[in-house]
Number of protein chains: 2
Amino acid sequence: MTVKECCEIMERAGVKPTSIRILTYKAVSELHDTFSLGDLENLLEDVDKSSLFRALRTLSDHHLIHALEDGSGSVKYCVCHNHGACTEEEHHCHFFCEQCKKTYCLEDCVVPKANLPQGFEAHEVNYVIKGICSNCKKA
Amino acid sequence: MTVKECCEIMERAGVKPTSIRILTYKAVSELHDTFSLGDLENLLEDVDKSSLFRALRTLSDHHLIHALEDGSGSVKYCVCHNHGACTEEEHHCHFFCEQCKKTYCLEDCVVPKANLPQGFEAHEVNYVIKGICSNCKKA
DNA sequence: GCCACTTTGCAACCTTGTTGCAATTAACAT
DNA sequence: ATGTTAATTGCAACAAGGTTGCAAAGTGGC
């Protein structure tokens, strides 16, 4: 993705495209699966951790990326391919491989709906399946 | 639950019922919703943190309790009411209230199945719905 | 009672995430 | 352009939660 495209997407989502945010969004929009703050630190070695942390928070607040918990001990993120216009219907499942510790985005696997009790109001869903991925199973 | 019942359940699950484990299992089997290691520390003030941590790990390893991630920053646990004989079908959903920060067990809400891609093997599912609970909504 | 093995308590530590604050940069009116 | 204000960034320090090493205490078999 070009810097220009990044800026446009961010502006449409109400995020001011600062240098760190562009750097962050450009880097993560090229990743196919999930990543942690630590992963991003390694990817962008010369950028400060707390700046990246704040960039991720901003992007997450404006729904350009999603945060999810996979039990690995660190919060994972993935880019929202609907550029901030995600409805609950469009959330995809994630798969955590217990062997290689990678968390996949299952783009084609939409989160199935559950029935909430009376009076409960859902905002988002964290759905992570754990097991062995196809790569590790082959090996 | 009596100490005797706790011991029986643990033994059936292949867990040697030591003092800390009995204390832990008895305490948590009386809780209706989820709890963290920290919650348990507060509940059993005179017991060491790492002993509780190890007891929870042992109980979890033998499926007497389940661990789940709700994005609160600490791992939550809940007792398995099938006493270690939980199949994937029986896993219930959890609900994290963004206001009161409580994580409910939705006992009557079974985790809906998702379709995995070819070659992926599921072992367990972490399904946490986030939103506002009925108590907080009323207020 | 003695020995091997397990469990427990304590302290120390690691990792991840988070904040305070000063320095820098950007936005904008004059 | 310049000054004024607000937002962002980098650094360092910190907090919380989880985890481990190790010695002491407990358990069980003989």
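By convention in this document, chain letters (A, B, ...) are assigned in the order of the sequence lines, proteins followed by strands, and residues within each chain are numbered from 1. Keep in mind it's a predicted model, so treat the numbers as computed, not measured.
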Quick one: is C:dT16 close enough that its OP1 or OP2 comes under 4.0 Å of any side-chain N or O from A:S36? no

So, does B:R21 get its side chain near the phosphate of C:dT7, meaning an N or O under 4.0 Å from OP1 or OP2? yes

In whole angstroms, the gap separating P of C:dG17 from CG of A:L68 amounts to 12 Å

Between B:S74 and B:S19, whichever has its closest DNA chain D nucleotide further toward 5' is B:S74

(request) Assess whether atom CG of A:N42 is packed by more than 12 heavy atoms of other residues, nucleotides or ligands within 6.0 Å. (result) yes

Notebook entry, point to check: Do the two ring centres, one from A:F120 and one from B:Y104, sit under 6.0 Å apart?
Noted result: yes

Whole-Å distance, A:Y77 OH to C:dT16 C1', equals 10 Å

note: A:K16, atom NZ; C:dT25, atom P; distance rounded to Å ~ 14 Å

Rounded to whole Å, CG of B:L37 lies from P of D:dG18 at a distance of 6 Å

Side-chain contact check for B:S50: nearest option of C:dT8, C:dG17, D:dT20 is D:dT20

Check every strand shown and say whether B:G38 touches a base, only sugar-phosphate, or nothing at a heavy-atom separation below 4.0 Å. nothing

Return no unless some side-chain N or O of A:R57 is found under 4.0 Å from OP1 or OP2 of D:dT8.
no

Atom CZ of B:F53 and atom P of D:dG18 are separated, to the nearest Å, by 8 Å

Using the rule that two of Ile, Leu, Val, Met, Phe, Trp, Tyr join whenever any of their side-chain heavy atoms come within less than 4.5 Å, decide whether A:F96 and A:V111 are in one cluster. no

**Asked** Are any of A:S51's side-chain N or O atoms less than 4.0 Å away from OP1 or OP2 of D:dG10?
**Response** yes

Is there a side-chain contact between B:H92 and B:C109, using heavy atoms and a 4.5 Å cut-off? no

A:L23 atom CG is separated from D:dG10 atom P, nearest whole Å, by 9 Å

| request: Decide yes or no, distance alone: a donor-acceptor N/O pair under 3.5 angstrom between the base of C:dG9 and the side-chain of B:K49. | output: no

note: A:I20, atom CD1; D:dT9, atom P; distance rounded to Å ~ 5 Å

For this session: Answer yes or no: side-chain N or O of A:R54 and base N or O of D:dG10 forming a donor-acceptor pair under 3.5 Å.
Result: yes

From CD of B:E69 across to P of D:dG17 the rounded distance in Å is 15 Å

Which of C:dT16, D:dG18, D:dG10 is nearest the side chain of A:D48? It is D:dG10

Q | Candidate pair B:E69 and B:K76, rule salt bridge (charged side-chain N to carboxylate O under 4.0 Å, His left out), full reasoning | A | CA-CA 6 Å; B:E69 292 89 38; B:K76 295 290 171 63; over 6 Å; no

Notebook entry, point to check: A:T18 side chain N/O closer than 4.0 Å to the phosphate oxygens (OP1, OP2) of D:dT9?
Noted result: yes

